**Q** 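Here it is, the structure in full.
Model, not experiment: these values are computed from the prediction. So that the names make sense, note that chain A is the first sequence line, chain B the second, and so on, each numbered from 1.
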Protein chains: 2
Amino acid sequence: MSEPFSRHAKPAVAVDVVLLTVAEGALKVLVQRHTDRGLVLPGGIVRIDEPLEAAVARVLAQKAHLPDAFVEQLYTFGAVDRDPRGRVISVAYYALVPAERLATALAAADDLLLAVMDGIEVRAPSRLGYDHADIVRVAVERLRAKIDYTAVALELLPAEFTLRALQDVYETILGVRLAKPAFRRKMLDRGFLKPTGRLETGGAHRPAEIYVRA
Amino acid sequence: MSEPFSRHAKPAVAVDVVLLTVAEGALKVLVQRHTDRGLVLPGGIVRIDEPLEAAVARVLAQKAHLPDAFVEQLYTFGAVDRDPRGRVISVAYYALVPAERLATALAAADDLLLAVMDGIEVRAPSRLGYDHADIVRVAVERLRAKIDYTAVALELLPAEFTLRALQDVYETILGVRLAKPAFRRKMLDRGFLKPTGRLETGGAHRPAEIYVRA
DNA sequence: CCAAAAGTGTTGCTACTACACCCATGC
DNA sequence: GCATGGGTGTAGTAGCAACACTTTTGG
């Protein structure tokens, strides 16, 4: 692939990934320790012959050992001074993954951790570098908006789940308590879910039915 | 501003603008004649020290003599082969403008014209170059989605307008006929509109009240 | 008075909320 | 049996669509 418009100095193009998951009743973001910038989102420079989605997949595979995940483009951040090293335009993506799928990656890489969200702000353990807190904010706002007219929440759960688990995901993301009967009926009416007929076991109460994605 | 990551070949970054307007009962998009690519969207390369929104404003000012307009980021298109001259990543924006504001620009520049939309596809007078038809499709889908939970439609009308004119804009964009009483009440209940008390004149029928944005 | 379009009132349906209740399990 | 959480039924309400109707202008 040739290099066009080479008379002008060019910005660098990066992708940054906001990988969100729900664990222990909280929304969390995958971040990585950066030597002199504190915590930052996983990301990387887009190669000259690499599609944007391929760059995202590469970042996810390298950093989080995730060969596949739900990924969607979020927004492109292009402020001139967002990176002190020079002009870097970042095409941000967000990814949704069930918490279980991150366990091995977190155990293997000691520079990765899950930062806890407090509403739409990253709270623990510290602020993010660059404009990455802004990017996370936009990602959570997008997720909150999408959650109640699409089935994206299912990306945060394993293949089989109960309605209670799904409701917990909604309540965690939206930061509100929802009424159980209304939630049940809304979800079932939409047709995103399919009952398996099988039941959960182990609780000291009536076992819940197990659902899968329709 | 320095140039980081200069060991690698970099993609060029461009902005492309989908400027939409409603005129003569049709949704139209501003396009420009390109010497060897047919019709294309107005756009330009982002300068090394220029924010993305500034590049958009520059394009709109140069091409359409619009110093200000409603503009929102749409999506970033990064397919490797989308431009045969080389790797160009395009951050697409859409803009909404009342048709009257385009009259002078269209009269002055003979390489600009308004292509007519047929649903979400550009119809007349011919196909667009590059992947610009895809970009327009995404823009119209976004507009259709936003129109019924935000006040963006008002950007397509002059400062003062009647409910009938607003309904025409909705019907044109969505491609459906709407019921007048339902439309009236929905718009008024939302609080986007403010009645002026003044009435339209001239029609051979009861004059309509004039509204402005709330 | 008539045509045309603006604007209103009324009814019925749908969807969501709130609340009360019943069901199945472990202990 | 009791505590716990899963699951259902029902009644009230808010929003929206359909339809019929009234109002105000020009001719």
**Q** Enumerate the salt bridge (Lys or Arg N to Asp or Glu O under 4.0 Å) contacts for residues 182-204 of chain A, please, sequence neighbours excluded, ordered by first and then second residue.
**A** A:Glu160-A:Arg198
**Q** Check B:Leu112 against B:Gln32 and note the closest heavy-atom contact, atom names and distance.
**A** CD2-CB, 3.6 Å
**Q** Using the salt bridge (Lys or Arg N to Asp or Glu O under 4.0 Å) rule, collect all pairs that involve residues 90-99 of chain B, keeping only residues at least two apart or in two chains.
**A** none
**Q** According to salt bridge (Lys or Arg N to Asp or Glu O under 4.0 Å), does anything in residues 64-79 of chain A pair up with another residue at least two apart or in another chain? List the pairs.
**A** A:Asp68-A:Arg101, A:Glu72-A:Lys146
**Q** Which pairs would a plain distance check flag for residues 17-26 of chain B, meaning a side-chain donor or acceptor within less than 3.5 Å of a matching protein atom at least two apart in sequence or in another chain?
**A**
from    : atom 1 : to      : atom 2 : distance (Å)
B:Thr21 : OG1    : B:Val97 : O      : 2.6
B:Thr21 : OG1    : B:Ala99 : N      : 3.1
B:Glu24 : OE1    : B:Lys28 : NZ     : 2.5

**Q** Could you write nucleotides 12-20 of chain C as a row of B, S and -, 5' to 3', where a protein heavy atom under 4.0 Å of any base atom gives B, of only sugar-phosphate atoms gives S, and otherwise -?
**A** -----SBB-
**Q** Can you list, by residue number, the residues of residues 155-177 of chain A that have a non-hydrogen atom closer than 4.0 angstrom to DNA chain C?
**A** none
**Q** Does any pair with a residue in residues 114-139 of chain A pass salt bridge (Lys or Arg N to Asp or Glu O under 4.0 Å), and if so which ones, sequence neighbours excluded?
**A** A:Arg82-A:Asp131, A:Glu121-A:Arg137, A:Asp134-A:Arg137
**Q** Who are the ring pair (Phe, Tyr, Trp, His ring centres under 6.0 Å) partners of B:Phe183, not counting sequence neighbours?
**A** B:Tyr170
**Q** Of all residues at least two apart in sequence or in a different chain, which pass the side chain to side chain contact (heavy atoms under 4.5 Å, CB included) check with B:Ala145?
**A** none
**Q** What I want to check is whether an N or O donor and acceptor connect the side chain of A:Lys180 with the base of D:dG7 at under 3.5 Å.
**A** yes
**Q** A:Leu199: what forms a side chain to side chain contact (heavy atoms under 4.5 Å, CB included) with it, not counting sequence neighbours?
**A** A:Pro207, A:Glu209
**Q** Which residues in residues 198-205 of chain A have a heavy atom closer than 4.0 Å to any atom of DNA chain D?
**A** A:Ala204, A:His205
**Q** Does any residue of residues 207-214 of chain B have a heavy atom under 4.0 Å from DNA chain C, and if so, which ones, in number order?
**A** B:Pro207, B:Ala208, B:Glu209
